[in-house]
2 protein chains.
Amino acid sequence: MAEGQAPAPYSNENLLFLTDEQLRQGIEAMFFAYRGFTADPDRILADLAYGRAHHRAVHFINRAPGTTVNNLLNLLGVTKQSLNRVLRTLIEDGLVESRVGRNDKRERHLFLTGQGKALEQKLSDAQRARMRAAFRDAGPEAVAGFRRVLEAMMDREMRFAYARLKDNAP
Amino acid sequence: MAEGQAPAPYSNENLLFLTDEQLRQGIEAMFFAYRGFTADPDRILADLAYGRAHHRAVHFINRAPGTTVNNLLNLLGVTKQSLNRVLRTLIEDGLVESRVGRNDKRERHLFLTGQGKALEQKLSDAQRARMRAAFRDAGPEAVAGFRRVLEAMMDREMRFAYARLKDNAP
DNA sequence: AGCATATGTCAGTGTTGTTGACATTCCAAG
DNA sequence: CTTGGAATGTCAACAACACTGACATATGCT
């Protein structure tokens, strides 16, 4: 493997030298951490009749109230048919409200109802608690590094979407 | 919300103060980054008749050759029925070999065949390439922070499993 | 001998994703 | 004002991957 070769000593590249082993550890860290990341909301959702897809939809509708279906589609990276199934149950159950667009009446703008906000709170409280504990354990500089690496790992369009959400923050 | 309150000025807590907004950004970063993290192997797997579950199995068998089914079960966090379906196809297709244990004949020890190693290489090359690019962009200190936060986010048992894999590294 | 462990298997179910096809509504350009 | 395309919704079929529950087999340990 090309990446298995050691760099010349004293080269600047040494600072950036990444062995396959280091990269593998990064990969495994992502895998195990993501399991932890989703574990708490998953436990809550198991009791209700909802799954992870509902959680994601509710999260982003809360984050960007009034978002269109198409926008949500891009954020979530699924097909409209897949999202529609989830949205339909959320609307039927009174967690999400879908309002026809004023300017463009083809578009539907999505909002959480009181009930929807309550579920979002419950789920994100659990997820934030773990994130807070991890951030606290690791310290502020580690958190900054964590964010830098994750941003660099995203696809281009998702990096933009992520930045846009940050700016639109309430 | 309790966590929405600002800490007293000049308190040590300031260094660790984490707003809901910061935590939400961390959550979204995890979500978008994980999408990127799995995107490249997923594209490769789509052409073959395999899925993400096969990738995970092949990864850990490569990582810990001779591992037992039970050990793999714990690493992956799935039921034996679910893992068995994946392992069966991998064994039938000649990517994985299952050897009866010498000491304990109830156990099966799992190994990648040449073919299995080839697939593992192909998949992990793609995944490592992205990880390498992200690590390079973010820099060494960021990588250290990234790892610290992810470790802190794992469940206890997974943190141990992760450490054990690091130590057993070839 | 009897219980526990490790594994494999069968059957049924649920969530989430996919494709493909088709209808509706509406904006905008010619 | 007609037509083309965009945004959305819906139906049907299907696949991957997870789950539970039940049962079988072989083995190890006491």
Side-chain angles (χ1 to χ4, degrees), chain A residues 31 34-35 38-39 41-61 66-93 96-110 123, chain B residues 31 34-35 38-39 41-59 61 66-93 96-111 123:
Chain A
F31 173 68
Y34 199 79
R35 283 252 298 280
T38 56
D42 280 358
R43 262 188 290 274
I44 295 171
L45 290 159
D47 294 338
L48 316 172
Y50 298 125
R52 219 177 269 182
H54 299 83
H55 179 194
R56 291 195 284 255
V58 162
H59 173 96
F60 284 111
I61 295 173
T67 186
T68 64
V69 172
N70 231 358
N71 185 30
L72 201 50
L73 235 43
N74 291 328
L75 285 178
L76 297 176
V78 297
T79 59
K80 63 174 177 172
Q81 293 91 331
S82 198
L83 175 58
N84 197 257
R85 191 177 341 128
V86 168
L87 278 182
R88 197 171 15 179
T89 70
L90 290 173
I91 291 170
E92 280 170 6
D93 296 354
V96 167
E97 194 191 343
S98 164
R99 297 186 205 150
V100 173
R102 266 191 302 241
N103 295 344
D104 186 337
K105 290 177 189 165
R106 291 168 301 181
E107 294 181 340
R108 306 298 144 95
H109 298 277
L110 303 168
L123 292 172
Chain B
F31 173 67
Y34 199 78
R35 282 251 299 279
T38 56
D42 280 358
R43 264 188 290 273
I44 295 172
L45 290 160
D47 295 337
L48 315 172
Y50 298 124
R52 217 178 272 182
H54 299 85
H55 180 194
R56 291 195 284 255
V58 162
H59 172 97
I61 295 174
T67 186
T68 64
V69 173
N70 235 351
N71 185 30
L72 199 51
L73 235 43
N74 291 328
L75 285 177
L76 297 176
V78 297
T79 60
K80 64 173 178 173
Q81 293 92 329
S82 199
L83 175 58
N84 197 256
R85 188 178 350 120
V86 168
L87 277 183
R88 197 170 21 188
T89 69
L90 289 174
I91 291 169
E92 280 170 6
D93 296 353
V96 167
E97 194 191 343
S98 164
R99 297 185 204 150
V100 173
R102 266 192 302 239
N103 294 343
D104 187 335
K105 290 178 190 163
R106 290 170 303 179
E107 294 180 338
R108 305 298 145 93
H109 298 279
L110 303 169
F111 300 87
L123 292 172

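Proteins get letters first, then strands, A, B, ... in listed order; numbering begins at 1 in each. We use all heavy atoms of the structure for the numbers below, so side chains are in, but hydrogens, waters and symmetry mates are not.
Put simply, CG on Leu110(A) is 15 Å from P on dA7(D), counting in whole angstrom units. Taking atom CG on Leu73(B) and atom P on dT7(C), their separation rounds to 8 Å, with Å as the unit. Here the P atom of nucleotide dT5(C) and the CG atom of Asn71(B) are 17 Å apart, to the nearest Å. If you measure from atom NE2 of His109(A) to atom P of dG9(D), you get 11 Å, rounded to the nearest angstrom. Between the C1' atom of dA13(D) and the CZ atom of Arg85(A) lies a distance of 12 Å, rounded to the nearest Å. Rounded to whole Å, the distance from CG on Leu72(B) to P on dT7(C) is 10 Å. Atom CG of Leu87(B) and atom C1' of dC17(D) are 14 Å apart (whole Å). Summarising the geometry, the separation between CG on Leu83(A) and C1' on dA7(D) is reported as 13 Å, rounded to the nearest angstrom.
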Assess the residue pair Leu110(A) and Asn71(A) against the criterion (side chain to side chain contact (heavy atoms under 4.5 Å, CB included)); give the C-alpha distance rounded to whole Å, side-chain angles, the decisive distance to 0.1 Å, and a yes or no. CA-CA 10 Å; Leu110(A) 303 168; Asn71(A) 185 30; over 6 Å; no
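The shortest distance between the side-chain N/O atoms of Asn70(A) and the OP1/OP2 oxygens of dA6(D) is not below 4.0 Å. Phosphate contact (OP1/OP2 of dA18(D), side-chain N/O of Arg56(B), threshold under 4.0 Å): present. An OP1 or OP2 oxygen of dG17(C) is reached within less than 4.0 angstrom by no side-chain nitrogen or oxygen of Thr79(A). Phosphate proximity of dC17(D) to Ser82(B): absent, as no side-chain N or O sits under 4.0 Å from OP1 or OP2. For dT15(C), neither phosphate oxygen OP1 nor OP2 lies less than 4.0 angstrom from any side-chain nitrogen or oxygen of His54(A).
Side-chain contact between Leu75(A) and Leu83(A): absent, with no pair of heavy atoms (C-beta onward) separated by less than 4.5 Å. A heavy-atom distance below 4.5 Å is not found between the side chains of Thr67(A) and Phe60(A). In this structure, Ile61(A) and Leu87(A) have side chains that are in contact, with non-hydrogen atoms separated by less than 4.5 Å. At a threshold of 4.5 Å between non-hydrogen side-chain atoms, the residues Glu97(A) and Ile91(A) do not count as touching.
Between His54(B) and Tyr50(B), the ring planes lie tilted relative to each other; the angle falls in the 30° to 60° range. In this pair, Tyr34(B) and Tyr34(A) present their aromatic rings parallel. The plane angle is below 30°, not in the 30 to 60° band.
Mapping Lys80(B) and Val86(B) onto DNA chain D by nearest heavy atom places Val86(B) closer to the 5' end of the strand. Across the interface with DNA chain C, nearest-nucleotide mapping of Thr68(B) and Arg88(B) shows Thr68(B) to be the residue nearer the 5′ end.
Taking only distance into account, the side chain of Arg52(B) never meets the base of dA16(D) through a donor-acceptor pair shorter than 3.5 Å. Judged by distance alone with a 3.5 Å cut-off, no donor-acceptor contact links the side chain of Gln81(B) to the base of dG12(C). One cannot find a donor-acceptor pair under 3.5 Å joining the base of dG28(D) and the side-chain atoms of Glu107(B).
Here the side chain of Arg35(B) pairs a donor or acceptor atom with the backbone of Leu76(A) at under 3.5 angstrom. Side chain of Arg52(B) to main chain of Leu45(B): no donor-acceptor pair is present (N/O by atom type, distance under 3.5 Å, no hydrogens or angles).
The minimum heavy-atom distance linking Pro41(B) with Leu123(B) is given by the pair O-CD2, 3.9 Å.
Between the axis at the start and the axis at the end of the helix from dA1(C)-dT30(D) to dG30(C)-dC1(D) there is an angle of 20°, using five pairs per end and rounding to 10 degrees.
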When you check every protein heavy atom under 4.0 Å of nucleotides 24-30 of chain C, what one-letter string (B, S, -) results, 5' to 3'? -BBS---
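The side chain of Val69(B) has dG8(C) as its nearest neighbour among dT18(C), dG8(C), dG9(D).
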